[in-house]
Amino acid sequence: MIRRLVAVFLFAVLLSSNMNTSFAEGNRIVFSDLNEGYWAEKQVYELTSKKVINGFPDNTFRPDLEVTRAQFAAMVSRALNLADADSNFKDVPKSSSLYKEVSRAAAAGIIVGDGSGSFHPDRHVSRAEMAIMLDRAIQLKGEFLVFQPLSFADKNDIGKSAQESVKRLTNYQVMDAQKENKFLPNEKGTRVETTVAVYQMLKAIKEQHEVVGISHIYAGKIDANPSLRVRQEASTESAVLGRLNNGTIIRILTEDDNWYKIKFNNDYGFVAKDFVKILATVEQPKDDVDISNPPEEDAPPVEGGQPVEPPVEEQPSEDQNNEEKLKQVEYLKGEVTASFLNVRKNANATAEKVGQLTVSTVVNILKTEGDWHEILYQGNKGYIHKSFVKLLDTPSINVLKNKVIMIDPGHGGKDPGAVVGELKESDVVLKVSLLMKDLLEAEGATVIMTRSDDTFLTLAQRAELANSIEALDLFLSVHANAATTDTANGVESYWNKTNSSDFSQLLTRKLQDQLLSHMKLANRGVKHANFQVIRDTKAPSTLVELGFMTNNKDINYMKTDDYYQDAANGLFHGIVDYFSSVITE
Ligand SMILES: [Zn+2]
């Protein structure tokens, strides 16, 4: 317990110490090959003083020397003070000088194998590989989900596996163009570049923690049979909010002596520390490591010389799946246990990667082929390796039981919304909302309407009403669209990042998917918008636009009974899907 608190304190020091040279001034070695005012002087002295990277015994830094994959993984392990762990890469034996650091990075999900169990430790790290590893690393310490479209002159040279990472790292200024607006993904990372990138990662983490007020975020695994109570406050006297099953992966937000604070049921809860195993945490920096040795040059170049992250599948974890279970039930849910798990187009490790799932994501398993689970991913079939999926018990039929849901039919009273002929938006959305209310209540949900008749409410009143209900699980605003042209058509759903953003985003995706599979409307996608009702509402929230009243096809559909039933069904199933995906008790 004490050790952990010390570790947290040290981590705080690491992040909060002034990011300038004064930190190291007292005992700093001045590198003979860096001129005063060297462009990355601050970053080099900062990270060498913390022993994230070391100088050479002759007092040089050798900024242009290339860094190997193992050396880079080691830098990241030390920068984040990752917990000790073991790994079993074929080419990183226990006797290897960087075995410990590589293992720490592997256990935290920052590095993964090449599908055949090798890591290629001595290969030089490319800038694309740096981006992938730093992206995985930074996600352990916060929510770095916002990305920027790529605008580099050579953006098409960035391999598919690195694109998302580069987009995010660019947004948080962890990595940027190297020269002439080129990212140069295949260029080898040098000691100075890797130092600057790791420094920038720490800076981004520090800034987010200051803004968001989180000291650190890391993952833990429930270690209590059969389950662990989640309490409202950090006290055994406090009310029990629910339970987490043994083996559930949780994200820890903060801690005190005995309790971890976690997100639970779209709110916060507390679990006793003694029953949680930490997966990636912060520890005192190790002093006995040195990556100053020049990279070994005897490693033969890898076949084809493609310096992009090889197709990766993590090694099997201790969470081997239960074959019997699979045979008994046809329809299963699984929870992702790896920090990042690739979704592939086919059931093999070399198949095209179509996306990535993060730890704790719950998926519906359609079927299992060999080592692979078939799942639905963004509307298409995808495959994930079953070693990193923990099977959950038979899907809960009662996901809506005790859920508190607010439905907000848009407009009303003096504000009819869009009006086309006889049809008023305020009437259309009220009718859909009331049908949906019946469906939800039949499954045990408590439904609160912002309005149940033709009443006027301001946008602020709607959000206020939502925020006045502490136990609110979900807020759904229902609208129909209008445009100045009659060609615009289809259904679109909106979320806002201000509150409960990850939940809102998930909810919005689920709703859009189900609306598309129930309604005869085109897909206009899931979008972020600054609408007041979803911005100001604290609970996970979404706003749906159920077709265009200004489009012939859409409005003809709106004139049928089918439209209302389809819309209510789609929204109902989207809500069920959402609650099935969020970890509850
Ligand atoms: Zn509207």
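In this text the structure is predicted, and so the values were computed from the model without any measurement. Just follow the structure's listing: the first ligand is 1, and inside any ligand the first atom is 1.
- Using a 4.0 Å cut-off between charged side-chain N and carboxylate O, Lys559 and Glu422 make no salt bridge.
- Of the possible donor and acceptor atoms, one in the side chain of Arg451 sits under 3.5 Å from a partner among the backbone N and O of Gly410.
- Around the Zn ion (ligand 1), the protein atoms of type N, O or S found under 2.8 Å away are His411 NE2, Glu425 OE2, His479 ND1, listed by chain and number.
- With salt bridges taken as basic N to acidic carboxylate O contacts below 4.0 Å, one links Arg168 and Asp135.
- Checked against side chain to side chain donor-acceptor pair (under 3.5 Å), Asp415 has the following partners two or more places apart in sequence or in another chain: His411.
- For the atom pair Lys424 NZ and Asp427 CG, the distance stands at 4.5 Å (nearest 0.5 Å).
- Asp566 and Tyr557 share a side-chain donor-acceptor pair at under 3.5 Å.
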